[in-house]
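Positions are given from 1 along the sequence. All ligand and atom numbering here is 1-based and tracks the order in the structure.
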Amino acid sequence: MDFPLLEITDDTLAEQWLHKYFHPHGLHCPRCNTSVEQARRFRKTRRSHVTTYRCRHCDKLYTVYTGTLFANKHLRPTQVILLLRGICKGESTASLARELELAYDTVHHLRQQIQEKAQWRQPETPLLDAVTETDEMFQNAGEKRRKTQWSGGSPASSC
Ligand SMILES: [Zn+2]
């Protein structure tokens with residue numbers, strides 16, 4: 001069953017969350033590194049509902065997405081958060097696309113990019129403990145495996 005997630009979420013709160021997690025040291029102008037506190041709120045984007053800032057120092061326009069995988073994708077903040085959550089929880093691309101009202105190819109492409117970044121950031125050092133928990137072994141199991149495992153229904157039905 002798909003839930004109307006976008007109807008029950010707040011883009012303003014979601015954008016504040018993205019500021020905190022995408023820019024833990026504060027949002028800065030991508031050209032001159034001046035803090036967003038010194039920028040002017042230029043407008044809200046029509047499709048993605050995020051604030052565009054104009055740097056008072058160099059006139060560069062930027063948003064919370066500038067310099068991230070989500071730049072120029074026109075996703076609402078709630079879509080980004082729910083997409084990240086869904087990918088982390090192993091939800092299928094088709095289900096995420098339907099619930100978040102996105103094209104399948106958009107979700108598929110972003111999932112690949114996110115997983116590549118996550119893999120690139122994995123530590124090279126082995127775990128310190130000698131015992132591996134079962135959930136550690138399957139944390140990177142892909143969608144293909146999941147479909148086989150739950151061939152009789154959706155992954156959500158097993159929760
Ligand atoms: Zn600037």
How are the rings of His23 and His19 set relative to one another: parallel (under 30°), tilted (30 to 60°) or perpendicular (over 60°)? tilted
Say you draw a straight line from NZ of Lys60 to CZ of Arg31; how long is it, rounded to the nearest 0.5 Å? 5.0 Å
Relative to the Zn ion (ligand 1), how many protein N, O or S atoms have a separation of less than 2.8 Å? 4
Measure the spacing between CZ of Arg40 and OG1 of Thr51 and express it to the nearest 0.5 Å. 13.0 Å
Partners of Arg98 by side-chain contact (heavy atoms from CB on, under 4.5 Å), sequence neighbours excluded? Asp2, Ala94, Ser95
CG of Leu69 to CG of Leu110: how many Å apart, nearest 0.5 Å? 7.0 Å
Looking only at the side chains, is there a donor atom on one of Arg56 and Thr34 sitting less than 3.5 Å from an acceptor on the other? no
